[in-house]
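Order of the sequence lines sets the chain letters (A, B, ...), proteins ahead of strands, with each chain counted from 1.
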Protein chains: 2
Amino acid sequence: MVYTEEAFKAELNAKGWRSTRQREIILQTFQNLPEGTHLSAEELHEKLREAGHNISLSTIYRTVKLMARMGILRELELTEGHKHYEINQPAPHHHHHLVCVKTNQVIEFKNSAILGITQKVAEKYGFKVLDCQLTIIGISPEGQRSIL
Amino acid sequence: MVYTEEAFKAELNAKGWRSTRQREIILQTFQNLPEGTHLSAEELHEKLREAGHNISLSTIYRTVKLMARMGILRELELTEGHKHYEINQPAPHHHHHLVCVKTNQVIEFKNSAILGITQKVAEKYGFKVLDCQLTIIGISPEGQRSIL
DNA sequence: TTGAGTGCAAAAATTTTGCATGCTC
DNA sequence: GAGCATGCAAAATTTTTGCACTCAA
């Protein structure tokens with residue numbers, strides 16, 4: 001899935017919002033990230049600065065929230081203490097997370113059954129689905145071995 | 001599932017931690033909440049104060065984090081902007097959440113297949129499971145009707 | 001007796017907001 | 001031209017931490 005600038009603009013305009021340079025850049029940045037990479041607001045800010053784009057943190061916060069509400073980004077709250085965002089990929093690339101409470105490691109996994117469950121539940125309640133996340137919290141093999 | 005004071009103490013001691021009045025009270029408070037109720041640190045603080053227990057916010061933050069790491073509480077990050085905690089119920093009571101990005105409403109649902117998927121994934125990676133949460137983010141019927 | 005746990009206040013970290021200015025529609 | 005979006009700084013919110021004191025093991 002590659003959102004073209006035009007499609008993005010059309011979707012924004014349809015809701016009365018506007019296409020801006022900042023929003024385009026942020027979308028492109030997320031689309032060019034290696035699969036599974038997720039960034040916090042601060043990390044995105046830094047990455048943009050490195051690329052020569054001075055976009056304020058306020059705008060970043062406002063934009064990622066907007067894009068999450070549009071279903072373009074997924075908002076992840078894993079173990080790092082702040083929110084992370086990543087591109088919301090459709091079915092074959094869609095993944096979920098396994099999180100260790102001891103080592104804080106995060107493993108991604110895919111499972112095709114989850115989407116089916118999600119669609120059935122959403123249909124029952126009349127929801128339009130933007131994203132679904134199965135997060136498994138547990139203790140990794142390394143964590144189980146550690147003394148603490 | 002009702003954790004007795006003794007079982008709680010034993011589990012704490014087994015890891016070198018201690019059973020304290022504050023920890024007992026917090027556990028009891030969560031256990032007496034109606035099913036599906038989740039509280040933020042601040043809400044728990046207020047609830048404890050109402051019940052005549054003056055436990056500092058610091059202790060509350062430290063305790064809920066500890067209990068989440070023990071698997072006694074689940075840490076939820078739904079839409080409210082801060083973490084919420086609830087008792088981690090075993091299978092028949094275990095539930096998941098459907099969240100609307102427009103109205104912020106949260107619906108709980110149960111699904112027995114999720115635990116099976118979780119166990120299979122955890123086994124593959126050698127994880128000991130503490131909790132699993134399928135969170136569906138979408139737009140509720142009311143949200144779809146709203147103009148904004 | 002030892003050191004883990006608590007409370008308090010201060011600090012840190014993260015996110016939101018008011019307002020003047022800029023830019024899209 | 002109207003009003004949504006941005007940037008900046010300030011504020012608000014949420015969470016963590018240092019330290020002296022308390023209490024469980």
Side-chain angles (χ1 to χ4, degrees), chain A residues 5-6 8-27 29 38-46 48-49 52-70 73 75-85 101 104 147-148, chain B residues 5-27 29 38-46 48-49 52-70 72-73 75-85 101 104 147-148:
Chain A
E5 286 199 21
E6 293 71 34
F8 184 41
K9 179 175 187 318
E11 203 169 321
L12 285 166
N13 291 349
K15 310 225 170 148
W17 297 321
R18 293 172 182 186
S19 167
T20 65
R21 200 182 113 267
Q22 290 85 339
R23 291 177 179 175
E24 293 290 356
I25 291 171
I26 291 172
L27 174 62
T29 301
H38 48 258
L39 302 175
S40 66
E42 192 61 70
E43 288 162 350
L44 174 59
H45 192 218
E46 181 52 31
L48 289 168
R49 182 168 21 230
H53 297 119
N54 276 75
I55 299 182
S56 75
L57 247 190
S58 310
T59 295
I60 289 175
Y61 274 107
R62 287 187 275 232
T63 303
V64 293
K65 179 174 286 190
L66 175 69
M67 289 170 69
R69 276 161 172 48
M70 291 173 77
L73 296 181
E75 192 173 74
L76 307 175
E77 177 70 43
L78 301 170
T79 188
E80 303 92 338
H82 39 242
K83 288 174 181 146
H84 279 70
Y85 294 85
V101 298
N104 285 341
I147 321 152
L148 277 180
Chain B
E5 285 198 20
E6 293 72 34
F8 184 41
K9 179 176 187 319
E11 202 168 322
L12 285 165
N13 290 349
K15 310 226 168 145
W17 297 322
R18 296 174 180 185
S19 166
T20 65
R21 200 182 113 267
Q22 291 86 338
R23 290 177 179 176
E24 292 290 356
I25 291 171
I26 291 172
L27 174 61
T29 301
H38 48 258
L39 301 175
S40 67
E42 192 60 69
E43 287 162 350
L44 174 58
H45 192 220
E46 181 52 31
L48 290 168
R49 180 166 24 227
H53 297 119
N54 275 76
I55 299 182
S56 76
L57 246 189
S58 310
T59 295
I60 289 175
Y61 273 107
R62 287 187 274 233
T63 303
V64 293
K65 180 174 285 187
L66 175 68
M67 290 171 69
R69 275 162 173 47
M70 291 173 76
I72 296 174
L73 295 181
E75 191 174 75
L76 307 175
E77 177 70 40
L78 301 170
T79 187
E80 302 92 339
H82 38 243
K83 287 174 182 147
H84 279 70
Y85 295 86
V101 298
N104 284 341
I147 320 153
L148 276 178

Does a nitrogen or oxygen in the side chain of Arg21(A) sit under 4.0 Å from OP1 or OP2 of dG22(C)? no
May I have the distance from His82(A) (atom NE2) to dT15(D) (atom C1'), rounded to whole angstrom? 13 Å
Return the value, rounded to whole Å, for the distance between atom CG of Leu44(A) and atom C1' of dT14(C). 15 Å
Does dC25(C) have OP1 or OP2 under 4.0 Å away from a side-chain N or O of Asn13(A)? yes
Can you find a side chain N or O atom of Thr59(A) that sits less than 4.0 Å from OP1 or OP2 on dA5(D)? no
Looking at Arg62(B), does any N or O in its side chain come under 4.0 Å of the phosphate oxygens OP1/OP2 on dT16(D)? no
Considering every strand and a 4.0 Å limit on heavy-atom distances, what is the contact class for Thr20(B): base, sugar-phosphate, or nothing? sugar-phosphate
Is there a donor-acceptor pair closer than 3.5 Å between any side-chain N or O of His45(B) and the backbone N or O of Ser56(B)? no
Is the shortest side-chain N/O distance from Tyr61(A) to OP1 or OP2 of dT15(C) below 4.0 Å? yes
Assess whether a salt bridge exists between Glu46(B) and Arg49(B), defined as any Lys/Arg side-chain N lying under 4.0 Å from an Asp/Glu carboxylate O. yes
Working note: Met67(B) + Leu27(B), criterion side-chain contact (heavy atoms from CB on, under 4.5 Å); need CA distance, chi angles, decisive distance, verdict. CA-CA 9 Å; Met67(B) 290 171 69; Leu27(B) 174 61; 3.6 Å; yes
Ala41(B) or Ser19(B), whichever maps to the more 5' nucleotide of DNA chain D: Ala41(B)
Lys83(B) vs Val64(B), side-chain contact (heavy atoms from CB on, under 4.5 Å): CA-CA, chis, key distance, verdict: CA-CA 10 Å; Lys83(B) 287 174 182 147; Val64(B) 293; over 6 Å; no
I'd like to know if Ser58(B) reaches the base of dT15(D) with its side chain, counting only an N/O donor and acceptor under 3.5 Å. no
Whole-Å distance separating the CG atom of Leu66(B) from the P atom of dT16(D): 13 Å
Need one value for Lys9(A): base, sugar-phosphate or nothing, where a base atom within 4.0 Å counts as base even if backbone is also close, heavy atoms only. sugar-phosphate
For Lys65(B), which contact category applies under a 4.0 Å heavy-atom criterion: base, sugar-phosphate, or nothing? sugar-phosphate
Would you mind reading off the distance between Arg23(B) atom CZ and dA4(C) atom P, rounded to a whole angstrom? 11 Å
For Leu57(A) and dA5(D), give me the distance from atom CG to atom C1', rounded to whole Å. 16 Å
Test side-chain contact (heavy atoms from CB on, under 4.5 Å) applied to Ile55(A) and Thr63(A), step by step: CA-CA 11 Å; Ile55(A) 299 182; Thr63(A) 303; over 6 Å; no
Short side-chain N/O contact from Gln22(A) to OP1 or OP2 of dG7(D), under 4.0 Å: yes
In whole angstroms, the gap separating C1' of dT6(C) from CD of Glu24(B) amounts to 15 Å
Could you tell me whether Glu42(A) contacts a base, only the sugar-phosphate backbone, or nothing, with contacts defined as non-hydrogen atoms closer than 4.0 Å? nothing
Please report, rounded to the nearest Å, how far the P atom of dT15(D) is from the NZ atom of Lys83(B). 6 Å
With DNA chain C as reference, determine whether Arg18(B) or Thr63(B) sits nearer its 5' end, using the nearest nucleotide of each. Arg18(B)
Protein-nucleotide distance (Ile60(B), atom CD1; dT17(D), atom P), rounded to Å: 17 Å
Would you mind classifying the nucleic acid contact of Ser40(B) as base, sugar-phosphate or nothing, using non-hydrogen atoms under 4.0 angstrom? nothing
Nucleotide nearest Trp17(A) when distance is taken to its side chain, options dG5(C), dA5(D), dT15(D): dA5(D)
By ring-ring contact (aromatic ring centres under 6.0 Å, His included) - contacts of His53(B) (at least two apart): none
